[in-house]
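What follows is a single structure, written as C-alpha cells, with notes after it.
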Protein chains: 2
Amino acid sequence: MALDHAILVSLLEKPGSGYELARRFERSIGYFWTATHQQIYRVLGRMVADGLLLVREVEQQGRPDKKEYSVAGPGRAALAAWLHKPIEPESLRHDLAVKIRGAAFDDPAALIDEVERHRQAHRDRLAHYLAGELRDFTGPDAPAPQDAGQELQHVVLRGGIAYERMTIAWLDDVLATLHRLEAAGPGA
Amino acid sequence: MALDHAILVSLLEKPGSGYELARRFERSIGYFWTATHQQIYRVLGRMVADGLLLVREVEQQGRPDKKEYSVAGPGRAALAAWLHKPIEPESLRHDLAVKIRGAAFDDPAALIDEVERHRQAHRDRLAHYLAGELRDFTGPDAPAPQDAGQELQHVVLRGGIAYERMTIAWLDDVLATLHRLEAAGPGA
DNA sequence: TAGCTCATGTAACGAGTTACATGATTCG
DNA sequence: CGAATCATGTAACTCGTTACATGAGCTA
C-alpha cells in the first residue's frame, strides 16, 4: 500500500491534479515507484473519501478544468504513522534474470539482442537522471543552500543513478557471458 | 505473468513439489523473483490444467506423500515463446526511497534506525550470496567444467551480488546524509 | 484535419498478500 | 510435550495492468 504514501509525499512536496501526479510518476517519483493514471485516479478517490486528501476544483483557461489535490491533516498523520513503522527490506523482481536462466533450455545467443536493448534503456535512463541531477542539485543554476527536502530528494536520485550504473555493468557481464557461450558453440 | 515462467525454469532445472518450489523461491530463484506457497500451489494447479506441467504422486516414508511436478512439452514451448518475445525493462519499486523522501515532512533522524536495519539485511543477503557462489561456482569443490546452465546461473547470481553491494553503498550514503541533517539541527 | 497535450474516468481481469486450516513425523 | 520440518491447500481482499471511453484546445 505504498502508492498511497508515495502520493502523500508527492502532494506534500507540491499539490496537484491526478494528471500531474501521473506525470510525476513518470519522472521524479518514478525513480522508485511507478503508477498509471488509472490507478492514481482510483486511489485519489478513495483517499478523499477517507479524509486523507482535500480536493479543489480549479477553472482554467484554454484547458480543461482540473481538480487540485492536497494533503489533509489525517493524511499527514497517516504518513507519519507509516514512517515510524518498520517495513521489510524488499527483494528484486527481475524478469530479465528469469529469461537469462531460462536461456539454458533454449538458444542463449538468441537473448543477445534483448539484453542489448535493455542495456540501452538503462543507459538512457542514466543519462536522464544525470541531467536531472545537474539541473536540480549539482549544476551552476541549482539552488545553493539546500534544505532537508532537497538533500533527501538528492540522495534518492543518487540511489537511482547507482542502480542504473550497476545494472549497465551487470548487463555488460551478461553480454560477455552470452558471447562466450556462443563462441563455445551450441552444445558445449 | 513471469511467475509461470520462473516455475517453468525452476522445474526444468529440476522437477519437484510445490513445497520444494516454495523453498527454492526463498533461495536461488528468490534472487530475482519471490513467491509464497499459496501463490505457487494456485499457479501449479492452473498450469497442470492447461497442460503445461505433469504431476506424479510420490509416496514417501517418514514424511507426507508429495506431488512431483515436471514440465510437459507445451510448457517447454510456452517458455521458448516467452523467451523470444521482447519484454519491457522494469523500473524500481522501492518503499524505503518513498520513506526517505517522506522524512522531509517528519523527523529525518528518526529514520536512521530503520535504514541501519535495512543495511544489515542487505549485508546478510550479500554474505549468503557470496557463500553460495563459493560453494557452487568459484570454490575448490565447485564443478570445474561449467555447462551453459551453470554459466547462466552464475551470471544471474553475480547480478544479485552486484545489487546487494550497490544497495549497501547507497544506504551508507543515505545514513551519512541523515546524520548530516541531524547535525545541522531540526529546522535547518 | 490530423495528431499532441491536458484532463478525467470506468470495467474487467490478473497478480500478489494475508489469514485461515489441517495433519504427520522428527528432534530435543 | 512442544517446536520445527514436510506437505497441501482455500478464501477474501487488495493491488496492478489492460482495454475502453470521452472531450476540449493547440499546433503543424
Side-chain angles (χ1 to χ4, degrees), chain A residues 1-7 15-27 29-30 32-50 53 55-69 82 85 87-95 98, chain B residues 1-7 15-27 29-30 32-50 52-53 55-69 78 82 85 87-95 98:
Chain A
M1 203 180 281
L3 176 55
D4 300 45
H5 304 117
I7 287 175
S17 69
Y19 185 83
E20 281 160 357
L21 277 172
R23 307 222 62 207
R24 290 186 210 170
F25 275 95
E26 290 167 3
R27 307 183 85 264
I29 304 281
F32 50 82
W33 205 269
T34 54
T36 58
H37 77 274
Q38 291 91 334
Q39 225 186 319
I40 289 166
Y41 285 118
R42 197 208 287 155
V43 172
L44 284 175
R46 193 190 67 217
M47 289 174 82
V48 170
D50 292 349
L53 300 180
V55 214
R56 194 169 64 92
E57 286 275 347
V58 177
E59 288 176 37
Q60 298 187 119
Q61 292 184 331
R63 319 178 160 190
D65 295 351
K66 67 173 179 179
K67 298 182 185 170
E68 193 180 71
Y69 294 88
W82 179 67
K85 206 182 66 189
I87 53 176
E88 285 310 301
E90 309 118 76
S91 4
L92 286 171
R93 276 279 157 111
H94 211 312
D95 291 77
V98 180
Chain B
M1 202 180 283
L3 177 55
D4 300 44
H5 304 118
I7 286 175
S17 67
Y19 185 82
E20 282 159 356
L21 277 173
R23 307 223 60 207
R24 289 184 212 171
F25 275 94
E26 291 168 1
R27 306 185 86 264
I29 305 282
F32 51 83
W33 205 269
T34 55
T36 59
H37 77 273
Q38 291 92 332
Q39 226 185 320
I40 290 165
Y41 284 118
R42 197 208 290 154
V43 173
L44 284 174
R46 193 191 66 217
M47 290 174 81
V48 170
D50 292 348
L52 303 178
L53 300 179
V55 213
R56 193 169 64 92
E57 287 274 347
V58 178
E59 289 176 34
Q60 298 188 118
Q61 293 185 329
R63 317 176 159 194
D65 295 352
K66 67 174 179 178
K67 297 182 185 169
E68 192 179 72
Y69 294 87
W82 178 68
K85 204 182 66 186
I87 52 176
E88 285 310 299
E90 309 119 75
S91 6
L92 285 171
R93 276 280 156 109
H94 211 312
D95 291 79
V98 180

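Because the structure is a prediction, the values reported are computed rather than measured. In what follows, chains are A, B, ... by sequence order, proteins preceding strands, each numbered from 1.
Between atom CD1 of residue I40(A) and atom CZ of residue R24(A) there is a gap of 10.0 Å, rounded to the nearest 0.5 Å. Expressed to the nearest 0.5 Å, how far CG of D4(A) lies from CZ of R46(A) amounts to 4.5 Å. Considering CG of L3(B) and CZ of F25(B), their distance stands at 5.5 Å, rounded to 0.5 Å.
Taking atom CG on L3(A) and atom P on dG16(C), their separation rounds to 17 Å, with Å as the unit. Atom CD in E88(B) sits about 14 Å away from atom C1' in dT18(D), given to the nearest Å. Whole-Å rounding puts the E26(B) CD to dA4(D) C1' distance at 14 Å. In this structure, Y41(A) places its OH atom 17 Å from C1' of dA19(D), rounding to the nearest Å. In this structure, E59(B) atom CD and dA7(D) atom C1' are separated by 15 Å, rounded to whole Å. Protein atom CZ of R27(B) is 15 Å distant from nucleotide atom C1' of dT5(D), rounded to whole Å. In this structure, K66(B) places its NZ atom 16 Å from C1' of dT25(C), rounding to the nearest Å. Spacing between atom CD of Q61(A) and atom P of dC26(D) amounts to 11 Å, rounded to whole angstrom units.
In the set dT8(C), dT8(D), dG16(D), dT8(C) carries the atom at the smallest distance from any side-chain atom of S17(A). Residue E20(A) places its side chain closer to dA7(C) than to any other of dA7(C), dG16(D), dA7(D). When the nucleotides dT18(D), dA21(D), dT8(D) are ranked by their closest atom to the side chain of H37(A), dA21(D) comes out on top. The side chain of K67(B) sits closest to dG9(D) out of dG9(D), dT5(C), dC6(D). When distances run from any side-chain atom of R23(B) to the nucleotides dC6(D), dT18(D), dT8(C), the shortest one goes to dC6(D). Which of dA7(C), dT17(D), dG16(C) sits closest to the side chain of T36(A) comes down to dT17(D). Nearest to the side-chain atoms of Y69(B) among the listed nucleotides dT17(C), dG9(D), dC6(D) stands dG9(D).
In terms of phosphate contacts, Y19(B) brings no side-chain nitrogen or oxygen within less than 4.0 Å of OP1 or OP2 of dT8(D).
Side-chain contact between V98(B) and W82(A) is present, with heavy atoms from C-beta onward closer than 4.5 Å.
Here E20(B) pairs with K66(B) in a salt bridge; the nearest charged N to carboxylate O distance falls below 4.0 Å.
The base of dG16(D) sits with one of its N or O atoms less than 3.5 Å from a complementary donor or acceptor on the side chain of R42(A).
Base contact: Q38(B) has a heavy atom under 4.0 Å from a base atom.
Of the two residues near DNA chain D, R46(A) and R63(A), the one whose nearest nucleotide lies more 5' is R46(A).
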